Structure formats: structure tokens, C-alpha cells
There are 2 protein chains.
Amino acid sequence: MQTLLSHINSYHSLNDEAQKAVENCFEQHVFSKNEYLLTEGKICRHLFFLEKGAIRGYYTLDGKEITYWFGFENDFVTSFHSFITQQPSVENIQFLEGSIVWAISKERLTRLFNEHHEIERLVRIAYEKYYIRLEERFVGAQFKSAAERYENLIRQSPHIIERVSLGHIASYLGISQETLSRIRSRL
Amino acid sequence: MQTLLSHINSYHSLNDEAQKAVENCFEQHVFSKNEYLLTEGKICRHLFFLEKGAIRGYYTLDGKEITYWFGFENDFVTSFHSFITQQPSVENIQFLEGSIVWAISKERLTRLFNEHHEIERLVRIAYEKYYIRLEERFVGAQFKSAAERYENLIRQSPHIIERVSLGHIASYLGISQETLSRIRSRL
DNA sequence: CGGGGCTTTTGACAATGGTCAAAAACCGGG
DNA sequence: CCCGGTTTTTGACCATTGTCAAAAGCCCCG
């Protein structure tokens, strides 16, 4: 829990009362490798904070798994689309390692927003950061070559490369595993 | 101004007091075709609401202009990255048609957030919608073919195709103008 | 109605990346 | 230390898209 609170405070520091409220709303869960946090078709009713471990979001296209995000220590994770709209998810969320997460339900989060303006502010600021990150990734996907995307990943997120298999990284970058292997051999 | 208020209320309806505050904070500006709202290197200090007209954001890469978003009636526009971080912008924002916009400075917006929890909520909800949209666009960019992206655009945003030149649409979709022309001739 | 400039199309060719299949390397458990 | 499964690499070939250059089309203005 301390990890969650200190991460939150790094975004926007909360007063004691709000911190207490946060503590009361998140529940800890432990998962082992390959377990699922969410599967396709289910509605995602929680927001999660990953205290320890690694996780990926993927969906299935033409029988292949397309991993399109990873989460690690100190990341908030959820199926954004499903959590926000409360529609069935198109994605699966699966642990890549044994992990510890803290969960809060959508109802409780909404209540927190009503009771603590500060917490809604925190989330608004978090959205800004996440939006900018996604924008950068979008520009990369649309306008950069496969090799450039891989080099960017090495530069910006070396931890991903160390902890995740090549096949997952390839689909994360939007390229085939074979092409990624060739790119690596050329470096 | 009525357009702005009713658009805002469609996200999350505001009480009278908050509406008054909004009215006092936005200023109207009129621009003609090809004028710039922001140029590369400048810090974007305002958020804009486009009441009427059309606008694009683009940046320059290898001497070519890459249009990566369009705005039309009822869109909020800004250089997100620059506005949020208050760093110099890498993008240019240019009007495609004569337009009417309403502007609010970052300082005033921050003040509104402090004084009206409701307005920060509205923005938080707006971010959610914008995030989901960007996510869809990202998935399209990374995992769909050029032809599929164009067909999606026709289906989801026919107004773009009607109001914007082929060259701009091509770079928006991340493909060359020639390829887009060929895709069209095959339909 | 006839340029002149901009936008769109067409053609030829090259480069990038995907697919399928097989070989090689790696890795954990017995 | 060896086996069996998984992950990664390599090879041959193909499809999609990009690039460069030129032609055609379109539209506004005088």
C-alpha cells in the first residue's frame, strides 16, 4: 500500500484525509504467472495498480495474439475502453510474472471523486500523462519504420526488452517476430 | 458562446454558476483560411474550442508536412503536448477554412478547476473520450492496412473526406498520396 | 473562355516488411 | 546432463506501400 500512496503523491500530493480514503478503497490481490486479470467479453469493473510484477494487454486478430501494452511496477492498468464505457472488453489482460496488484472498483472510484476533489484532479493529471504517452506511441506507429520503433523502445523502455519475450515485443511494435529478429541481428 | 455551452453540457451538465464562469473565461477570435493558431517552437498557452470552421495539426518530417489531426465544429483543439507540459510545440496548427474559435488560457483554466470541481470533472470525462478515440486510432495505425484505414475513415468520419484535400488525408492516415489515390481507384 | 497553379492520377521501379517452413538455440525439470 | 517444449533465427519468396517523375484534371481569376 505504501508503494501505491507514494506513487500517487508523486503525481499530485494528497492531504492525510484523502490518503486515508485511498487506503480504504483499494484491495490487494496476488496473482501468479499466466493468470488473467480480465478476459475478452467481460466488463472491466476495476482499476488496478501494479505494485510488483508484469502484465500485458492483448487481443486476438486472425487467430494471432496482438499484445498492445505492457504494465510493470507502479503502473495503473485496466482495460481503458471497457472500464470507461462499461462495455464488454475486446482485450485480455494477462500476467507475465507473479504479481501483486491493488484494485479499486469503478463505483468506489466515483465515490472518491465526489468526496475528494483532489483525487479527481490526480486522475485528470494522470490522464494527461497517459494521453501524451499514447500520442507519442501513435506517431511512432504511423510514421516510423520498424527499426526506428525498436531503437526507440530500447532507448525509452529498456526494462520491457529485458523482461518480455521477443514475440510479445514484436506485436507490441506492430511487426512480425521474424522481422524483429532480423532487425536485432543487424545491430 | 451558446454553441460552446451546449456542447459542454452534452459532456456533463454544469450548474448556472459554473456556466457563468465559463462564459467569462473564453474569448472569441476569428481567423481566415491558412492562418496559424500556433507555430512550431512556440509554447501553446491556450485551449481552443472550434465553433465553426476546420483546422489541422501537422509537423514537418524530412521536409514533408505530416498532418496528424483535424478539428471541426465542436472540437476542443490545442497542441496537447505543449499545452500540458508548457514546452515549445513541435507541431503547427493551421486553419483549413475561415473559422471562429473560443480561447481560454491555461491559467484561467487552472483557476476554473480550483473554483469549480464540476469543470475539472468535465475535463476529466473529456480526456477519457479523447483517450479512447486515440487508442482506436493507434490500433488502426499499427495493425490495419492502408485500405482498411481509409475505409474506416469513410465509415467513421465522412465529413473529413468531404472537407479536406487528399494530400492531407493521406498523411493523416499515414500513407502516401499516391497510394491513397490508388486505393480510391480500386473502390 | 483561357491560362496558371494546385491537386490528383498513373506508371515504373525499389524497399520494407509479411508469410511459411525449417533449423538452431535456449531453458527448466527430471 | 539430457530431453522436450518453447523461443529465436534464418532462408526463400511475395505483397504492400513508398518514391520519383510525368501527365491529367480541376478550379479560380482575370
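Here the structure is a predicted model, which means the values were calculated and not measured. Throughout, a chain's letter reflects where its sequence line sits, starting with A, and its residues are numbered from 1.
- T179(A) has no side-chain polar atom (N or O) that falls below the 4.0 Å cut-off from OP1 or OP2 of dG17(C).
- Looking at F95(B), W102(B), Y36(B) one by one, the single match for ring pair (Phe, Tyr, Trp, His ring centres under 6.0 Å) with F31(B) turns out to be F95(B).
- I66(A) contributes atom CD1, which lies 5.5 Å from atom OH of Y59(A) (distance to the nearest 0.5 angstrom).
- R182(A) comes within contact range of at least one nucleobase, with a heavy-atom separation under 4.0 Å.
- With hydrogens and angles ignored, no donor-acceptor pair closer than 3.5 Å exists between the side chain of R186(A) and the base of dT16(C).
- Taking every side-chain heavy atom of A146(B) into account, dT17(D) is the closest of dG18(C), dT10(C), dT17(D).
- The distance from atom CD of E148(B) to atom P of dT17(D) is 9 Å, rounded to the nearest whole Å.
- Checked against dT17(D), dT8(D), dG17(C), the side chain of L166(A) finds its nearest nucleotide in dT8(D).
- Atom CG in L180(B) sits roughly 15 Å away from atom P in dT7(C) (whole-Å rounding).
- Both tests pass for R137(A) against the ring of Y172(A): distance under 6.0 Å to the centre and angle within 45° of the axis.
- Atom P of nucleotide dG25(D) and atom CD of Q177(B) are separated by 16 Å, given to the nearest angstrom.
- Distance CD (Q142(A)) to P (dT17(D)): 12 Å, rounded to an integer number of Å.
- Ring-plane geometry between H159(B) and F72(B) is classed as perpendicular, the angle between the planes exceeding 60 degrees on a 0 to 90 degree scale with a lower cut at 30.
- When the nucleotides dT8(C), dG11(C), dG18(D) are ranked by their closest atom to the side chain of S165(B), dT8(C) comes out on top.
- Straight-line distance from the OH atom of Y150(A) to the P atom of dT16(C): 19 Å, rounded to whole Å.
- The side chain of K64(A) approaches dT19(C) more closely than any other nucleotide in the set dG17(C), dT19(C), dT9(C).
- In this entry the distance linking CD1 of I161(B) with C1' of dT7(C) reads 16 Å, nearest Å.
- Rounded to whole Å, the distance from CZ on R149(A) to P on dG18(C) is 8 Å.
- Between R184(B) and the phosphate of dT9(C), there is a side-chain N or O to OP1/OP2 separation shorter than 4.0 Å.
- Per the geometry, CD1 belonging to I183(B) stands 14 Å off P belonging to dT10(C), to the nearest Å.
- Residue I175(A) places its side chain closer to dG18(C) than to any other of dT10(D), dT8(C), dG18(C).
- Proximity note for E178(B) (side chain, C-beta onward) versus dT19(C), dG18(D), dG11(C): the nearest is dG11(C).
- Inspection of the N152(A) and R155(A) side chains reveals an N or O donor paired with an N or O acceptor under 3.5 Å.
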